[in-house]
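Nothing here was measured: the structure is a model prediction, and the numbers come from that model.
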Amino acid sequence: MTDYGEEQRNEREALESIYPDSFTVLSENPTSFTITVTSEAGENDETVQATLKFTYAEKYPDEIPLYELLSQENLEDNDVTDILKLLQEQAEENLGMVMIFTLVSAVQEKLNEMVDQIKTRREEEKRQKEKEAEEAEKQCFHGTPVTIENFLSWKAKFDAEILENRRKKMKEEEQSGKNKLTGKQLFETDHNLDTSDIQFLEEAGNNVEVDESLFQEMDDLELEDEEDDPDYNPMNLDSD
């Protein structure tokens, strides 16, 4: 008859000596513990990490232990799924034997592969971004082919924007008092201006005053007659 308790205690002691810095006991009954697994450093010293939790079933190792990925660092969701799938496959293959070390070793190898995949993934993302940037640059140079349909659509939008801008400008000028009428527009809108000058003279009557100092007697003007010029010669006019 198999002494499951004895096998479990022996395996636990072995695991504590193999993983002294990453093995942590969570409970004694049932026996539950965690082991933190870290990958080897990648090209740029990046690492991935997974903390695995194991709980012995009553008849372990003839029963698969309970396991879960308690926490992780730098892993994608699909990476977590792959690790859990790996644990299930390894547990089924090693049923009937103490298997925790085998499970942890499989995960360790998987994490090392994932570090290399991270490098490949980043390179692929970089290439994809460069490709997208090139496509965007080409699009800027080539632009959109002009057709009758998209030209008419653009023109309609352009005309609408011009009209709207004019309306806004007129409204702003009205509000700021800049929208003043010209003289012609004033006469066309206010017919009282047609007779305003006549009405002013009629109302003034004989009281209209003229400042004579503004005018000069014709005799005071020094107008020079060409005939009085001693050098005047009418024959010279034809020579010019």
Side-chain angles (χ1 to χ4, degrees), residues 1-140:
M1 184 177 179
T2 303
D3 187 348
Y4 297 114
E6 181 68 19
E7 288 198 41
Q8 293 171 13
R9 283 191 296 272
N10 291 338
E11 183 184 45
R12 198 183 90 171
E13 290 176 2
L15 293 172
E16 285 180 312
S17 63
I18 296 172
Y19 305 106
D21 298 326
S22 60
F23 184 92
T24 303
V25 176
L26 300 179
S27 65
E28 296 290 345
N29 189 20
T31 301
S32 179
F33 52 86
T34 62
I35 298 177
T36 299
V37 188
T38 305
S39 71
E40 297 176 355
E43 184 175 319
N44 297 320
D45 294 331
E46 68 272 13
T47 60
V48 292
Q49 188 177 92
T51 298
L52 306 173
K53 177 184 176 182
F54 298 99
T55 302
Y56 285 147
E58 183 179 356
K59 295 182 179 181
Y60 172 82
D62 288 336
E63 293 179 353
I64 293 176
L66 301 177
Y67 57 84
E68 63 179 289
L69 201 158
L70 201 62
S71 63
Q72 56 85 14
E73 291 182 9
N74 301 326
L75 292 176
E76 304 288 341
D77 291 341
N78 60 316
D79 295 333
V80 173
T81 301
D82 290 344
I83 290 173
L84 294 175
K85 182 179 179 181
L86 175 65
L87 288 170
Q88 181 64 29
E89 292 173 352
Q90 292 294 317
E92 291 175 355
E93 290 178 7
N94 292 277
L95 189 61
M97 300 180 290
V98 289
M99 63 181 76
I100 302 301
F101 176 77
T102 301
L103 299 182
V104 173
S105 297
V107 172
Q108 176 76 64
E109 185 177 347
K110 187 69 173 178
L111 293 181
N112 292 338
E113 293 176 2
M114 289 178 175
V115 169
D116 295 333
Q117 291 173 0
I118 288 174
K119 176 186 176 183
T120 303
R121 225 171 16 228
R122 287 177 179 173
E123 290 176 349
E124 180 62 28
E125 290 174 356
K126 181 180 179 181
R127 284 194 296 269
Q128 183 64 27
K129 289 181 180 179
E130 290 175 350
K131 183 178 179 181
E132 291 175 355
E134 289 177 1
E135 292 295 330
E137 187 175 357
K138 289 180 181 179
Q139 189 68 21
C140 289

Around atom CD of Glu58, are there more than 12 heavy atoms from other residues, nucleotides or ligands closer than 6.0 Å? no
Stepwise side-chain contact (heavy atoms from CB on, under 4.5 Å) check, Leu52 with Leu103: CA-CA 10 Å; Leu52 306 173; Leu103 299 182; over 6 Å; no
Locate the shortest heavy-atom distance separating Glu40 from Val115; write the atom from each residue and the value. O-CG2, 3.7 Å
Using residues 24-31 as the side-chain source, report each donor-acceptor pair under 3.5 Å to any protein atom, sequence neighbours left out, with the distance given to one decimal.
unit_1, atom_1, unit_2, atom_2, d
Ser27, OG, Pro30, O, 2.7
Glu28, OE1, Arg12, NH1, 2.7
Glu28, OE2, Arg12, NH1, 3.3
Thr31, OG1, Glu28, O, 3.2

Nearest non-hydrogen partners of Val104 and Val37, listed with the distance: CG1-CG2, 3.7 Å
Assess the side chains of Ser32 and Thr55: does a donor N or O sit below 3.5 Å from an acceptor N or O? yes
Under the side chain to side chain donor-acceptor pair (under 3.5 Å) test, which residues partner Ser71, sequence neighbours left out? Thr51
Would you find a donor on one side and an acceptor on the other, under 3.5 Å apart, between the side chain of Glu11 and the backbone of Met99? yes
Hey, are the side chains of Met114 and Leu75 touching, using non-hydrogen atoms and a 4.5 Å cut-off? yes
Could you note down all residue pairs passing ring pair (Phe, Tyr, Trp, His ring centres under 6.0 Å) where residues 57-110 supplies at least one of them, sequence neighbours left out? Tyr56-Tyr60
Can you tell me how far CG of Asn10 sits from CG of Leu15, rounded to the nearest 0.5 angstrom? 11.0 Å
Here's a test for you: under side chain to side chain contact (heavy atoms under 4.5 Å, CB included), which of Val48, Val107, Asp116 qualifies with Ser39? Val48
Suppose we screen for salt bridge (Lys or Arg N to Asp or Glu O under 4.0 Å). Which residues come up paired with Glu6, at least two apart in sequence or across chains? Arg9
Least distance between heavy atoms, Asn74 atom then Thr47 atom: ND2-O, 2.7 Å
Note, Ile18 side chain near Phe23 side chain (heavy atom, < 4.5 Å): no
Give a yes-or-no answer on whether the side chains of Gln128 and Glu124 include a donor-acceptor pair shorter than 3.5 Å. no
If you look only at pairs with a residue in residues 78-88, which of them pass as a salt bridge (Lys or Arg N to Asp or Glu O under 4.0 Å), with sequence neighbours excluded? Asp79-Arg121
Is a donor on one side and an acceptor on the other found under 3.5 Å between the side chain of Glu73 and the backbone of Ala50? no
For Pro61, the option from Glu7, Gln8, Met97 that meets side chain to side chain contact (heavy atoms under 4.5 Å, CB included): Glu7
Sorted by chain and number, sequence neighbours left out, side chain to side chain donor-acceptor pair (under 3.5 Å) with Thr102 holds for none
